[in-house]
Number of protein chains: 2
Amino acid sequence: MAMPAATTLLAWTRLLRAADLASQHCAATLRALGLPPPEWYDVLLAIERRGAQRPRDLQAMLGTEQYALSRLVDRMVKARLLTRVPCTEDARGYLLYLTIEGRAMRAAMWPIYAEAIETVLGARMEDEDCAALAQLLAPLAEPVSA
Amino acid sequence: MAMPAATTLLAWTRLLRAADLASQHCAATLRALGLPPPEWYDVLLAIERRGAQRPRDLQAMLGTEQYALSRLVDRMVKARLLTRVPCTEDARGYLLYLTIEGRAMRAAMWPIYAEAIETVLGARMEDEDCAALAQLLAPLAEPVSA
DNA sequence: GGAATGTCCATGCAAGTGCAACTACTTAGC
DNA sequence: GCTAAGTAGTTGCACTTGCATGGACATTCC
């Protein structure tokens with residue numbers, strides 16, 4: 001296999017650094033206000049948008065490890081943001097619904113999260129550069145095997 | 001503050017997803033061969049390139065948290081890849097040197113790491129797209145305050 | 001020179017993560 | 001129907017991380 005070109009290495013380091021800085025900033029902003037981390041938002045949003053979901057579907061959508069999602073859901077249920085309802089078609093699994101508080105929490109998180117994203121991305125790039133970036137990243141946002 | 005535009009949100013999700021997938025793949029590849037994680041490589045390379053370094057300089061270069069670097073260095077010293085030498089100019093700090101094994105480890109890690117990068121980035125993007133990506137990410141790879 | 005403030009690095013504790021192994025249910029093959 | 005293999009989800013254990021704090025030295029200001 002060929003070694004990476006210099007431009008590839010530069011893109012590599014910047015990709016990791018940019019994503020790390022950006023996600024750190026968001027997480028810190030939410031934490032500073034006593035709000036849950038971004039992963040929680042992603043779960044809440046996925047269920048609000050698409051209706052009750054099974055853990056394995058969330059796992060596929062969000063790209064998290066199976067055990068990580070298991071424990072994440074556990075914490076969110078303990079925090080009363082989600083409820084588990086046994087799945088009639090498959091007794092191994094269950095459906096996750098939002099509670100009232102879960103819905104409220106998503107709504108409360110959004111403005112903070114959105115502002116953090118705007119600070120980190122929107123305010124630092126032209127709109128057309130954002131579009132170009134999204135375009136370039138499209139193939140990389142799919143699992144490697146694909 | 002303005003809410004993020006749709007293109008901003010798309011860029012956001014893809015940036016995080018792409019970086020996560022890419023770094024996960026690299027870490028997993030190294031781990032599968034019993035090699036240390038990528039952060040270790042970054043430390044080893046920084047010292048090999050620029051000579052002995054103080055923790056605070058590594059911290060700035062690599063963008064890690066202070067306590068994270070402190071413990072990372074600790075693990076690497078225990079693994080005999082680095083040695084601490086008291087700093088004559090500032091008794092609070094010390095200089096980190098590579099050991100023979102440290103040098104050997106960096107050399108052993110590079111082909112694996114490089115191949116993983118090539119798999120994740122080089123093989124999935126045209127060279128000019130890599131260059132464009134690096135260009136677009138340049139502003140985002142700097143701390144938010146800057 | 002001495003106090004106040006700042007910088008450098010370490011660490012206790014609580015929480016999160018990775019790996020591997022496990023239970024429980026489902027599906028396929030026969 | 002029975003076994004074998006696959007899928008859904010959990011969990012024990014060791015390790016890592018985040019936050020807050022602390023100790024040690026350096027610098028500034030008087």
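Side chains are part of it too, since the values below use all heavy atoms of this structure and drop only hydrogens, waters and symmetry mates. Lettering of chains follows the sequences in order, A, B, ..., and the numbering in each one begins at 1.
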Supply the atom-to-atom distance [X] [atom1] to [Y] [atom2], rounded to the nearest 0.5 angstrom.
| X | Y | atom1 | atom2 | result |
| --- | --- | --- | --- | --- |
| Glu118(A) | Leu9(B) | CD | CG | 9.0 Å |
| Trp110(B) | Ile112(B) | CH2 | CD1 | 11.0 Å |
| Leu133(A) | Gln135(B) | CG | CD | 12.0 Å |

Looking at Glu39(B), I'd like to know if its CD atom is crowded, meaning that more than 12 non-hydrogen atoms belonging to other residues, nucleotides or ligands lie closer than 6.0 Å.
yes
Crowding at CD1, Ile100(B) (>12 non-hydrogen neighbours, <6.0 Å)
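No, CD1 of Ile100(B) has 12 or fewer neighbouring heavy atoms, counting only those of other groups under 6.0 Å.
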Go through the structure and list residues passing side-chain hydrogen bond (donor to acceptor under 3.5 Å, both in side chains) with Arg106(A), not counting sequence neighbours.
Tyr41(A), Glu48(A)
For Asp74(B), what residues pass the side-chain hydrogen bond (donor to acceptor under 3.5 Å, both in side chains) criterion, not counting sequence neighbours?
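Listed in chain order: Lys78(B), Arg84(B).
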Starting from Leu10(B) and following side-chain heavy-atom contacts under 4.5 Å between hydrophobic residues (I, L, V, M, F, W, Y), which residues can be reached?
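Its cluster partners, ordered by chain and number, are none at all.
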Linking Ile, Leu, Val, Met, Phe, Trp and Tyr by side-chain heavy atoms under 4.5 Å, what else ends up with Val85(B)?
Leu95(B), Tyr97(B)
So which of [range] are in contact with DNA chain D, with a heavy-atom cut-off of under 4.0 Å?
| range | result |
| --- | --- |
| residues 69-79 of chain A | Ser70(A), Arg71(A) |
| residues 39-62 of chain A | Arg54(A), Pro55(A), Arg56(A) |
| residues 83-92 of chain A | Arg84(A), Arg92(A) |

Of Leu15(B), Leu137(B), Leu136(B), Leu16(B), the residue whose pairing with Leu137(A) passes side-chain contact (heavy atoms from CB on, under 4.5 Å)
Leu15(B)
How would you label the contact of Tyr94(B) with the nucleic acid (heavy atoms, under 4.0 Å): base, sugar-phosphate, or nothing?
sugar-phosphate
Contacts of Ala28(B) that satisfy side chain to side chain contact (heavy atoms under 4.5 Å, CB included) - sequence neighbours left out:
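Residues passing side chain to side chain contact (heavy atoms under 4.5 Å, CB included) with Ala28(B): Arg31(B).
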Using the side chain to side chain contact (heavy atoms under 4.5 Å, CB included) criterion, which residues pair with Glu126(A)? Sequence neighbours excluded.
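Applying side chain to side chain contact (heavy atoms under 4.5 Å, CB included) to Glu126(A) gives Glu128(A), Asp129(A).
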Under the criterion side-chain contact (heavy atoms from CB on, under 4.5 Å), I'd like the reasoning laid out for Thr119(A) against Thr29(A): C-alpha separation, chi angles, the key distance, then a yes or no.
CA-CA 11 Å; Thr119(A) 299; Thr29(A) 302; over 6 Å; no
CA sep, side-chain torsions, deciding dist, call: Leu35(A), Tyr113(A), side-chain contact (heavy atoms from CB on, under 4.5 Å):
CA-CA 10 Å; Leu35(A) 293 169; Tyr113(A) 195 15; over 6 Å; no
Under 3.5 Å, which protein N or O atoms sit close to an N or O of nucleotides 2-5 of chain D? Give each pair with its distance.
none

Expressed as a whole number of angstroms, how long is the span from Glu65(A):CD to dC15(D):P?
20 Å
Which pairs of donor and acceptor atoms, one on a side chain in residues 49-68 of chain A, lie under 3.5 Å apart (sequence neighbours left out)?
from, atom 1, to, atom 2, distance (Å)
Gln53(A), NE2, Arg50(A), O, 3.3
Gln53(A), NE2, Gly51(A), O, 3.2
Arg54(A), NH2, Asp90(A), OD2, 3.4

Going 5' to 3' along DNA chain C, between which two nucleotides do contacts with chain A fall, using a heavy-atom cut-off of 4.0 Å?
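Answer, 5' to 3': dG16(C) to dT26(C).
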